[in-house]
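Shown next, in structure tokens, is the structure this report addresses.
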Amino acid sequence: MLSLQLIREEPERVREALRRRHSDAPLDEVIELDREWRRLLHEAEGIRAERNALSKEIGQLSRTINDPEAPARERRHAQHRRDDLVARSTYLSQRLEGLEEQVKELQRRLDQLLLTIPNLPDDRVPEGEGEPDNVVVRQWGEPPSFDFSPLPHWELGERLGILDLEAGARLSGSHFYVLKGAGARLQRALIQLALDFHTARGYQEIYTPALVREECMWRGGWLPTFAGLMYHDAEEDLWLLPTAEVALTNLHREEILPPGTLPCYYVAYTPCFRREKFAGGRDVRGVKRVHQFEKVELYKFVEPERSAEELEALVEDACALLRALGIPHRVVLLCTGELGFNSAMTYDIEAWTPGSGEWLEVSSCSNCTDFQARRAGIRFRREKGSRPEFVHTLNGTGLALPRILIALLENYQRADGSVAVPEVLRPYLGGLESLP
RNA sequence: GGAGGGAUCGCACAGUGGCCGAGUGCGCCCGCCUGCUAAGCGGGUGGGGGGCCAACGCCCCCUCGCGGGUUCGAAUCCCGCUCCCUCCGCCA
């Protein structure tokens, strides 16, 4: 959610930022509603102030009236005065009733509109409409060359007997997968590695529920925009996490973090659920796009002035793990048109997948600035007694399964159909050097 | 799933219709006192929104878990919800 104050004070700056994003957000409507809201609010508060004063006096008069010690004349006087005041107060209350209704309605509409306006892009984000306008900022490793034609992961997986898509479909439908034997173990090893890796780099490990209240989705900025992307349990009205980001944002919802808390780095491993309702026929083969997957997510709460450098550090943390795994990858700065709703600036990290010959997104690291924090009410104090300020939040994929599995299988495959196990993973697999 | 109890300013509590625009203790901050420390004394101490001001500031409104209702007026009465605690049942 954008700051209403910012919209009020620098509407042209906001307008320009939204234009860069190709957003058709109803900015003018917001400005108009805000003006009207404040006008009525002012009026209502004036009336309430008068009524409060009357109430106080009525209270005092009541005491006089009920005081048997008070002279009869004084009590009679008080009674008359009190009757007048009650009449006036009744009138004010009636006027207030309608006004308050209007104020509340305006505020509701204003909030509703504000919730549909995306975050403003950082100045460094290139303007553009779609993927071609993204900018590759760096690359690590060279796509390996093979003296045979490399297989896609679904073929490798089936041949090795570690990936069973048919079984996934039998259990739950298409876009679900089953891992078996070394495959299942490999996935577990990757999770373990990722958690150990990022913990060693200063992130605190967090375990969270995978089902959260609807409120968490609103606060995290996933509702109303992404309602069609998520699973929802109607009976208990709980939502399945599309990403641990939602849980981690809400971890400090409506809190004022005391001095010394920031920066705060979290790493959480959770299952993620996505309906992929809008994915259409894209990525139908293999496990690139599935309804349930595992993910290790990185999350940061930081001081506003540090968020830009923290984003770079976050990307570096995600890249470091890919380097450790020996997977060639590149870092892409998303253009304005590709930015997520909450994000001011996003880097995607794409791994090379020789089997399908493409760069596959395995991480997305975003600086959400104060946008999510404002929505979720997450603030901090610089010092004891100083004014609370909104924190900046950042999130990034620390390890995306099963996509890393894809990259691993396809990069490490050998001519005989076996797959080498990267050095760094072996301790987690009892020293296993190769599949099978 | 059933039966009770609770939610008040960082913490512990007080407060059953108008002197509560919320009090006390602790904690914390400022000052006084004081060889030092402790004690003592005095003052201050949440969050949100709006308005005025060049600024320092000043004023108003909201906030006693959340949302409705009753009333001229609600922390207080009524209804719904959420969370926490205790006991029973069930259970990995």
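Here is the naming used below: chain letters follow the sequence lines, and residue numbers restart at 1 for every chain. Values below: every heavy atom of this structure, side chains too, minus hydrogens, waters and symmetry copies.
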Is it the case that A/Tyr269 and A/Glu297 place a side-chain donor and acceptor less than 3.5 Å from each other?
->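 Result is no, nothing qualifies.
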Going by purine N1 to pyrimidine N3 plus the second Watson-Crick contact, or the G-U wobble pair, all under 3.5 Å, which nucleotide sits opposite [N]?
N	answer
B/C58	B/G51
B/G17	none
B/G25	B/C11
B/G1	B/C88

Starting from the 5' end of RNA chain B, give me the residue, A/Arg63 or A/Arg381, whose nearest nucleotide shows up first.
->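 The residue mapped nearer the 5' terminus is A/Arg63.
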Assign each of A/Ser386 and A/Arg51 to its nearest nucleotide of RNA chain B by heavy atoms, then name whichever residue's nucleotide is nearer the 5' end.
->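 The residue whose closest nucleotide sits nearer the 5' end is A/Ser386.
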Knowing that exactly one of A/Gln372, A/His252, A/Glu245 qualifies, which makes a side-chain hydrogen bond (donor to acceptor under 3.5 Å, both in side chains) with A/Thr393?
->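 One option only clears the test, and that one is A/Gln372.
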Nucleotide [N], atom [atom2] - distance to [atom1] of [X] in whole Å:
X	N	atom1	atom2	result
A/Trp37	B/G49	CH2	P	9 Å
A/Gln107	B/C61	CD	C1'	12 Å
A/Glu254	B/G46	CD	C1'	15 Å
A/Arg95	B/G73	CZ	C1'	18 Å
A/Gln79	B/C72	CD	P	15 Å
A/Glu100	B/C61	CD	P	13 Å
A/Glu50	B/C61	CD	P	11 Å
A/Ile58	B/A74	CD1	P	11 Å

Tell me which nucleotide among [options] gets nearest to the side chain of [X].
X	options	answer
A/Ser93	B/G48, B/G73, B/G50	B/G73
A/Ile256	B/G73, B/G47, B/C60	B/G47
A/Lys104	B/G18, B/G73, B/G68	B/G68
A/Pro388	B/C72, B/G48, B/C61	B/G48
A/Ala49	B/C60, B/C19, B/G51	B/C60
A/Thr90	B/C72, B/G49, B/C19	B/C72
A/Glu45	B/G68, B/C72, B/G50	B/G50

Report yes if at least one side-chain N or O of A/Asn52 is closer than 4.0 Å to OP1 or OP2 of B/C61; otherwise report no.
->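 It does, given that an N or O in the side chain of A/Asn52 lies less than 4.0 Å from OP1 or OP2 of B/C61.
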Answer yes or no: does a side-chain N or O of A/Arg38 lie under 4.0 Å from OP1 or OP2 of B/C61?
->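 For A/Arg38, the contact criterion (side-chain N or O under 4.0 Å from OP1 or OP2 of B/C61) is not met.
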What about A/Arg82: does its side chain form a donor-acceptor pair under 3.5 Å with the base of B/G18?
->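 A donor-acceptor contact between them is present.
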Please measure how far the [atom1] atom in [N] lies from the corresponding atom in [M], and state the result in whole Å.
N	M	atom1	answer
B/A22	B/C64	C1'	8 Å
B/A7	B/A92	C1'	31 Å
B/C28	B/G46	C1'	13 Å
B/G73	B/C19	C1'	15 Å
B/G25	B/C84	P	33 Å
B/U37	B/G31	P	14 Å
B/C81	B/C26	C1'	34 Å
B/C11	B/C20	P	24 Å

CD of A/Gln107 to NZ of A/Lys104: how many Å apart, nearest 0.5 Å?
->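 Rounded to the nearest 0.5 Å, the CD-NZ separation comes out at 9.5 Å.
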Just how far is it from atom CG of A/Leu54 to atom OG of A/Ser89, taken to the nearest 0.5 Å?
->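 Answer rounded to 0.5 Å: 5.5 Å.
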Base, sugar-phosphate, or nothing for A/Arg39, non-hydrogen atoms under 4.0 angstrom?
->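 Counting heavy atoms under 4.0 Å across all strands, no contact is made by A/Arg39.
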If you look at every strand shown and take non-hydrogen atoms under 4.0 Å, does A/Arg213 touch a base, only sugar-phosphate, or nothing?
->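 Counting heavy atoms under 4.0 Å across all strands, the contact made by A/Arg213 is with sugar-phosphate only.
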Donor-acceptor contact below 3.5 Å, side chain A/Arg20 vs main chain A/Val125 |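 Pair found, side chain donor or acceptor close to backbone of A/Val125.
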Just by distance, do the side chain of A/Thr90 and the backbone of A/Val86 share a donor-acceptor pair under 3.5 Å?
->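 Yes.
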Keeping to residues at least two apart or across chains, list the ring-ring contact (aromatic ring centres under 6.0 Å, His included) pairs with something in residues 63-109 of chain A.
->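 Pairs touching residues 63-109 of chain A that pass the test: none.
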Out of A/Phe301, A/Tyr266, A/Tyr265, A/Phe197, which one pairs with A/Tyr203 under the ring-ring contact (aromatic ring centres under 6.0 Å, His included) rule?
->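 The passing option is A/Tyr265.
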